[in-house]
Amino acid sequence: MAKKKELIPEEASCDPAAISLIGYACDVGINTSFERAKDITPCPIGAGGLCCRNCAMGPCRLVGKTDRGVCGATRETVVARNFVRGVATGSAAHSDHGRDLAYTLLEAAEGHAPDYGVRDPYKLMEVAGYLNVDTKDEDGERRPINEIARDVALAAIGEFGRVRGELLYLKRAPQKRQQIWHEQGISPRSIDREIVDLLHRTHIGNDQDAEHLLQEALRCSLGDGWGGSMLATDISDILFGTPAPVLTQANLGVLSDDEVNIIIHGHEPTLSEMVVAAALDPELIEYAKSKGAKGINLAGICCTANETLMRDGIPLAGNFLQQELAILTGAVEAMVVDVQCIMQGLVPVADKYHTELITTSPKVKITGATHIQFDESRAMEIAREIVRRAIDHYPERGETRIPDISNPMVPGFSHEYIDYALGGFYRGSLRPLNDAIMAGRIRGVVANIGCNNARIPHDSLHNYVVTELIKHDVLVVETGCGAIASAKLGYMTPETAFEIAGPGLREVCETVGIPPVLHMGSCVDNSRILTVLSQMATEGGLGEDIADIPAVGLAPEWMSEKALSIATYCVASGAYVIMGGRNPVSGSEEVTRLISEGWEEKVGGRLEFVEEGEEIVRRTLAHIDKKRAALGLPEYDPSQWGKSGDGRMPELLDLPFEERIEAIYGS
Ligand code: SF4
Ligand code: MSK
């Protein structure tokens, strides 16, 4: 019998906190996703998209001489159908998240959810404008906030099942982009309709033309990016506040040895914001003390973490592949989860400790976990109950092994804050960013987003590409688990710019006081990136469309179907997107061509799958330089920059006067 492969922690992750706990799990024989990824060999047929199980005559595995399924479906059709099903599911997940937030706003506005309210009235007014909601009455007087909030919520909910026309938010895109969508016939008619339409097409006996299937995937994904996700972001800001920078910490070292630790995990901020409030309740803090703890400590995993991090500074415990590891510290009293990216593997790990895994969404139950269903009308009461349960577990805590590893970070770069940082309160603008790109101080912009994937050493590709890009003067904006990887690496403080960033990027970061890697939020907040790109395109100097900007989207460690939807709507918005890991359409050269060259001809963006980090960086920089050249911008030349800026002061002050002048102005 073949000897079982051994899991080497240093090969499974490049995060020292994760490595120490993977090693511990191996020592004590606790099964984690790292171990399972080693033990399960992915099916190569399914991995390339060549296995169809869309009807009971299959599954049909189109390999070797088999080039058609029982129904006659070709490889192209099967591969495309599998891909677009992923896009539809990802789009549904994001968009349903947005719908739930719209219902929370409605409940709050109508007085049925007394623990919620409008925390950012300015954002409410802005969103009212996009959704054609009047903010003034017939006499020109401002309508009551709750009335506006109710109408905004109803208008948002209406976008999911819009009866005629197209999504209202599409008009937030540059004119040229809207025109391309109209010409291609891919402007989404409603959010739900495009998801249903796309799924319908994949049923046996429907759309059997790969290009046609992929065309509807573009439309469906736009309903996510410029619909469900954008609404989720906007309504979260209205309810919980628009993010602005805060100082906090990232990695498992944020767990506390002498406080009750509660981890919030998933994606929706609705309950977690209440848990944040409950954890500050003096009565509950006293209760924790009565059980021998010094207090209550909250930390987050995945995108619920990103939501509460940006608004409240709640520290990050880690990203997707660290969820089981957090429990392995032995220091977590409760892990409270809502929706998406929650591993069923948490249950057997939690069973080995005193940790209670609590599911809260009506959509998510996990066998073996406690279910406390969330209800907006009793939000605070439920949050308090959860915190109390966590406190009750504290006396059961045994030995702990919290890695003493965390890094400071500054998250909270909403597009509103970036405007403010660059232009001030009265003249908020992206002009300085456009100018820096036009001058070549910033070579271009990369959005590095997406998950971890147990098939790729944890965080390794995120860390590699981000390091290389900022070294080459590329400003990086991030969301999701990619953002958490950079935060753990310490790249999300302005000081990093002094150490790693290229000379031009460093000068810009020093002047504005921002890190070279900006945390822009959770998975749904990729819509913030779309907003920034649209503003850059309309600001002037970088063309007139998102496709003209020297920018690239990356998801080097993607794993979820939401990532497929994000990638597709970024492409449909004009971006070049590179995803790491295996190509899920590798089973068909034609489909691989259709999503790259084919989509580029139609919408200006293209999607490629590239496994090696070096090649991802090479293609990214080549694309940025190509776009710079097309705009007639000067060639990237780092030797021009770095002669100013605070970062050089210590070095310059050490030089004799003449040499200092020469260093600054040249000889
Ligand atoms: Fe096979 Fe066609 Fe059924 Fe797919 S739809 S399982 S290819 S018979
Ligand atoms: S949580 S979708 S693993 S980014 Fe948004 Fe992370 Fe990917 Fe989930």
Side-chain angles (χ1 to χ4, degrees), residues 33 45-46 49-63 66-82 85-86 89-91 93-94 97 201-208 213 224 229 232-233 264-269 272 300-310 316-323 337-343 447-454 456 458-459 461-462 478-487 519-527 553-567 579-581 587:
S33 56
I45 304 163
L50 285 166
C51 176
C52 181
R53 45 183 295 275
N54 290 13
C55 86
M57 295 189 287
C60 298
R61 303 183 308 159
L62 305 191
V63 283
T66 311
D67 57 5
R68 284 183 186 264
V70 173
C71 68
T74 62
R75 288 187 185 200
E76 287 67 44
T77 298
V78 167
V79 169
R81 273 199 309 222
N82 284 331
R85 277 192 169 204
T89 312
S91 195
H94 272 156
H97 169 166
R201 285 171 197 236
T202 66
H203 189 275
I204 179 173
N206 274 349
D207 205 348
Q208 286 155 95
L213 277 159
D224 170 0
S229 279
T233 297
I264 42 184
H265 170 26
H267 281 76
E268 291 177 353
S272 51
I301 298 259
C302 281
C303 286
T304 297
N306 285 323
E307 298 277 354
T308 51
L309 165 89
M310 290 190 299
L316 289 172
N319 46 11
F320 177 67
L321 282 179
Q322 283 173 290
Q323 53 190 284
V337 301
D338 47 72
V339 295
Q340 301 165 18
C341 303
I342 303 146
M343 290 190 190
N448 183 63
I449 63 169
C451 325
N452 296 135
N453 182 326
I456 297 167
H458 170 229
D459 287 350
L461 277 180
H462 284 305
E478 295 197 298
T479 60
C481 291
I484 300 176
S486 291
H519 188 297
M520 289 192 73
S522 63
C523 307
V524 292
D525 291 335
N526 289 309
S527 64
L554 303 179
E557 297 181 33
W558 76 281
M559 63 86 203
S560 80
E561 290 166 311
K562 288 183 294 167
L564 289 179
S565 180
I566 296 167
M579 303 183 87

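No hydrogens, no waters, no symmetry mates; every other heavy atom, side chains included, goes into these values. Read the numbers this way: they start at 1 and go in the same order the structure lists the ligands and their atoms. Quick note: residue numbers are just sequence positions, from 1.
Residue Cys303 has at least one heavy-atom neighbour below 4.0 Å for each of these atoms of ligand 2: 1 (S), 5 (Fe). The ligand atoms of ligand 2 that sit less than 4.0 angstrom from a heavy atom of Phe320 are 3 (S). If you number the atoms of ligand 1 from 1 as listed, the ones under 4.0 Å from a heavy atom of Gly69 come out as 7 (S). Ligand 2 places these atoms under 4.0 Å from at least one heavy atom of Met559: 3 (S). The atoms of ligand 1 that sit less than 4.0 Å from any heavy atom of Gly58 are 6 (S). Within ligand 2, counting atoms from 1 as listed, the ones closer than 4.0 Å to a heavy atom of Ser560 are 2 (S). Near Cys302, with a cut-off below 4.0 Å to any heavy atom, the atoms of ligand 2 are 1 (S).
In Gln340, neither the side chain nor the backbone holds a heavy atom less than 4.0 Å from any atom of ligand 2.
Contact annotation: Gly450 has at least one heavy atom less than 4.0 Å from an atom of ligand 2. Judged by the shortest distance from any of its heavy atoms, Arg68 lies outside the 4.0 Å radius around the atoms of ligand 1.
Inclusion of Cys60 in the first shell of atom 4 (Fe) of ligand 1 is not supported: no N, O or S atom falls under 2.8 Å.
Looking only at heavy atoms of the protein, atom 1 (S) of ligand 2 is closest to His267 NE2, 3.2 Å. For atom 2 (Fe) of ligand 1, the closest heavy atom belonging to the protein is Cys71 SG, 2.3 Å. The shortest contact between atom 5 (Fe) of ligand 2 and any protein heavy atom is with Cys523 SG, 2.1 Å. The shortest contact between atom 8 (Fe) of ligand 2 and any protein heavy atom is with Cys341 SG, 2.2 Å. Closest to atom 3 (Fe) of ligand 1 among all protein heavy atoms lies Cys55 SG, 2.3 Å. Protein heavy atom in closest approach to atom 7 (Fe) of ligand 2: Cys451 SG, 2.4 Å. From the protein, the heavy atom lying nearest to atom 6 (Fe) of ligand 2 is Cys481 SG, 2.2 Å.
Between the side chains of Asp207 and Thr202, no donor N or O sits under 3.5 Å from an acceptor N or O. Using modelled atom types and a 3.5 Å distance limit, the side chains of Asp459 and Asn452 yield a donor-acceptor pair. For the residue pair His462 / Asn319, no side-chain donor-acceptor distance below 3.5 Å is found, with atom types taken as modelled. Remark: the Glu557 side chain and the Asn453 side chain contain no N/O donor-acceptor pair separated by less than 3.5 Å. Side-chain contact of Ser565 with Asp224: a donor-acceptor pair under 3.5 Å is present, judged by distance alone. Inspection of the Thr308 and Ser272 side chains reveals no N or O donor paired with an N or O acceptor under 3.5 Å. In this model, no donor atom of one side chain and acceptor atom of the other lie less than 3.5 Å apart for Gln208 and Thr77. Between the side chains of Lys562 and His97, no donor-acceptor pair of N or O atoms lies under 3.5 Å.
Shortest non-hydrogen contact noted between Leu321 and Ser33 is CD2-OG, 3.6 Å.
Here the shortest heavy-atom distance to atom 4 (Fe) of ligand 1, taken over Gly205, Pro59, Cys52, belongs to Cys52. The residue among Arg53, Met57, Arg81 with a heavy atom at the shortest distance from atom 5 (S) of ligand 1 is Arg81.
To the nearest 0.5 Å, atoms SG (Cys51) and CG (Asn82) are separated by 7.5 Å. Here Cys302 contributes atom SG and Glu307 contributes atom CD; the two are 12.0 Å apart, rounded to the nearest 0.5 Å. Taking CD1 from Ile484 and OG from Ser486, the interatomic distance works out to 10.5 Å, rounded to the nearest 0.5 Å.
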